[in-house]
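Contents: one structure, followed by commentary.
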Amino acid sequence: MAKAQRRYVCQSCGSVSHRWQGQCTDCNEWNTLVEEASAVVTPFQAKHNLQSGGRALTLVKLDADIALPERMSFGIAELDRALGGGLVAGSATLIGGDPGVGKSTLLLQAAARLARGGRSVAYVSGEEAADQVRLRAQRLGLGDAPVQLAAATSTRDILTTLQVDPPALLVIDSIQTMHSDLIEGAPGTVSQVRATAQELIRFAKERGTAVVLVGHVTKDGSIAGPRVLEHMVDTVLSFEGERSHQYRILRAIKNRFGGTDEIGVFAMAGEGLVEVANPSSLFLTQRDESVTGSIVFPALEGTRPVLVEIQALVVRLASGATPRRAVVGWDLGRLAMILAVVEARCGLSFSTCEVYLNVAGGYRVQDPAADLAVAAALISALSERPVASDGVAFGEIALSGEIRPVAHAPLRLKEAGKLGFTRAMVPSGVSEGASVRLSSFGNLGRFVDHMLGRG
């Protein structure tokens, strides 16, 4: 007779180990391994299950005449943009973000918009009572929206209630508070999150209901629970932003019905989350005069250009002191690389200087085209020579010192010209902008000479 094997599942990342240990070897978290029972399957049972009990599948061709899935538009342009045009009926969407960033507020506004448009919407909260959700809706001016509210944590109760009249949209806030009575375990454990998500997703596929799951995040910003949860759903959205800043960014990490290169930008106001049609206005400060260590970079989020201000501060230290490098809104490792290339290829020394780099407005830049703008800000701060207030810079820097071209340069220049910028420092080969005068550079040495006024 087959013997049941013990297995220990990490409650943080979902990895499985056959013996208990204090630290998970995959995510390095401590005291997260919990024993779970595993089913016993003998070789005979496995062979028998594969040979019987199945059913024939209906195969279709790629060019089959089948109607494409319908999309539901919320009427919130920034949310629809991030989703690729709206929610698809029968889809499962997972949205994660830091506590207090506005996930529940955004979904309540979206649910109210959809309900006012004539769609049936159910909002189930496992963290708040129904009266708490109603109070928030009244504060946001959504008290008259025909959204059906419930406070529950049992997946069986939720699905039994909605079985007779399935809604067009079901919001679960949050998946970590739900539990299934089919398996043992407390809500929020890996097994419970996986089981409840599977039941909800099966309900969505069978009934054509679009399900939106709210997920908690860990301290490093990733969605809590098993990694398989992100593979089970159709779309994964990340709601980003600092609570001390008013802006929020909705970013698609995975989307089976659209691209992942679009973002939605919102601003937190008294009436809730408000769409931002021109995101550049949030991240640019008043630039009436030139300041050392400051330059504007036209970042690109999908097909949307966003102008942000990059600020650098270089402080010379006495000999023997250990210099510090601090970054807010950019990658620390990439800053170290830019400093090394500038020092090795251009002879400018930052070894005795503390370097501080900041992206204004709390925005986080992931675009590699920011290399040239960061180098410009660092050189300006070191030499105390300001960059022209009407200028922008973009380009990728290679380890050889070459300034490499980047994607969608005309789009970046067009946005810069629309906001009143007349100069741009760009890689060689970029075509002239309509209203922006270009200074092209093929390598970092010539760029440094230009910044220092050598030619």
Side-chain angles (χ1 to χ4, degrees), residues 72 74 76 78-79 82-83 87 91-115 121-130 132-137 140 142 147-155 157-159 162 167-180 187-190 192-201 203-204 209-219 221-241 243 248-255 264 266 268 272-273:
M72 294 183 293
F74 289 103
I76 303 176
E78 297 298 311
L79 177 57
L83 289 169
L87 276 180
S91 65
T93 301
L94 176 65
I95 177 170
D98 293 329
V101 76
K103 302 184 297 296
S104 300
T105 300
L106 176 64
L107 291 177
L108 187 58
Q109 290 180 251
R113 284 284 191 98
L114 205 61
V121 178
Y123 190 106
V124 180
S125 175
E127 300 178 346
E128 298 176 294
Q132 290 179 280
V133 180
R134 291 175 57 210
L135 285 174
R136 184 190 301 121
L140 299 175
L142 307 173
V147 178
Q148 305 174 72
L149 298 178
T153 57
S154 172
T155 309
D157 294 345
I158 296 170
L159 298 184
L162 303 177
L169 172 65
L170 171 62
V171 178
I172 302 293
D173 187 6
S174 64
I175 187 62
Q176 275 80 13
T177 61
M178 300 293 141
H179 74 90
S180 172
T189 59
V190 169
Q192 281 287 352
V193 169
R194 184 169 54 231
T196 53
Q198 188 172 7
E199 290 185 46
L200 292 168
I201 292 172
F203 174 80
T209 297
V211 175
V212 178
L213 310 175
V214 177
H216 294 167
V217 295
T218 59
K219 59 184 179 181
S222 59
I223 298 177
R227 195 70 178 179
V228 69
L229 180 60
E230 298 184 31
H231 296 285
M232 293 167 64
V233 298
D234 300 305
T235 305
V236 179
L237 301 176
S238 175
F239 205 37
E240 306 169 358
R243 297 179 65 178
R248 304 288 189 271
I249 291 181
L250 185 64
R251 191 188 308 273
I253 301 175
K254 168 190 174 182
N255 193 351
F266 301 87
M268 183 63 76
L273 290 164

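The basis for the numbers below is simple: all heavy atoms, side chains too, and nothing from hydrogens, waters or symmetry mates.
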* Asked: Looking at E240 and R251, does any basic side-chain N land under 4.0 Å from a carboxylate oxygen?
  -> yes
* Structure fact -> CG of L159 to OG of S180, rounded to nearest 0.5 Å, is 9.0 Å
* Structure fact -> Of all heavy-atom pairs linking M72 and A210, the shortest is CE-CB, 3.5 Å
* Asked: Are any non-hydrogen side-chain atoms of I201 and V211 less than 4.5 angstrom apart?
  -> no
* To do: Would you check if S154 and H179 make a side-chain contact, meaning some heavy-atom pair closer than 4.5 Å?
  => yes
* Structure fact -> Scanning both residues in full, the closest heavy-atom pair of A82 with G264 reads CB-N, 4.1 Å
* Structure fact -> Hits for salt bridge (charged side-chain N to carboxylate O under 4.0 Å, His left out) against E199, two or more places apart or cross-chain, chain-then-number order -> none
* Asked: CE of M178 to CG of L200: how many Å apart, nearest 0.5 Å?
  -> 8.0 Å
* Decide yes or no for T177 and P187: does some side-chain heavy atom of the first lie under 4.5 Å from some side-chain heavy atom of the second? => no
* Asked: Have S104 and D173 got a donor and an acceptor in their side chains that come within less than 3.5 Å?
  -> yes
* Minimum heavy-atom distance A115-V147, with the two atoms named -> CB-CG2, 3.8 Å
* Under the salt bridge (charged side-chain N to carboxylate O under 4.0 Å, His left out) test, which residues partner R113, sequence neighbours left out? -> none
* Asked: Within a strict 4.5 Å, meaning less than it, do heavy atoms of the L87 and F74 side chains meet?
  -> yes
* Hey, does V236 have a side-chain heavy atom less than 4.5 Å from the side chain of L229? -> no
* To do: Check for a donor-acceptor pair, side chain of K103 on one end and backbone N or O of D98 on the other, with a separation under 3.5 Å.
  => yes
* Asked: Closest heavy-atom contact between A204 and S91?
  -> CB-O, 4.1 Å
* **side chain to side chain contact (heavy atoms under 4.5 Å, CB included) between L170 and L162, worked out** => CA-CA 9 Å; L170 171 62; L162 303 177; 3.6 Å; yes
* To do: Output the distance between atom OG (S238) and atom CG (L250), rounded to the nearest 0.5 Å.
  => 8.0 Å
* Output the distance between atom CD (E230) and atom OG1 (T235), rounded to the nearest 0.5 Å. => 12.0 Å
* Asked: Among all residues two or more places apart in sequence or in another chain, which pass the salt bridge (charged side-chain N to carboxylate O under 4.0 Å, His left out) test with E128?
  -> R136
* **Distance-minimising heavy-atom pair for E127 and S174** => OE2-OG, 2.9 Å
* Asked: CG of L213 to CD1 of I95: how many Å apart, nearest 0.5 Å?
  -> 10.5 Å
* Going by heavy atoms in the side chains, are I172 and V212 under 4.5 Å from each other? -> no
* Taking C-beta and beyond as the side chain, do F266 and I76 meet within less than 4.5 Å on heavy atoms? -> yes
* **Heavy-atom check, side chain of V133 versus side chain of L108, under 4.5 Å** => yes
* Asked: Between the side chain of N255 and the main-chain N/O of L83, is any donor-acceptor distance below 3.5 Å?
  -> yes
* **Short side-chain to backbone donor-acceptor contact, Q109 and L273, under 3.5 Å** => yes
* Looking only at atom types and distance, does a side-chain atom of R248 sit under 3.5 Å from a main-chain N or O of V101, one as donor and one as acceptor? -> yes
* **Value rounded to 0.5 Å, distance of NZ in K254 from OG1 in T93** => 10.5 Å
* Asked: Judged by atom type as modelled, is there a donor-acceptor pair below 3.5 Å linking the side chain of T209 to the main-chain atoms of P167?
  -> yes
* To do: For residues V121 and A111, report the shortest heavy-atom separation together with the two atoms involved.
  => CG1-CB, 3.6 Å
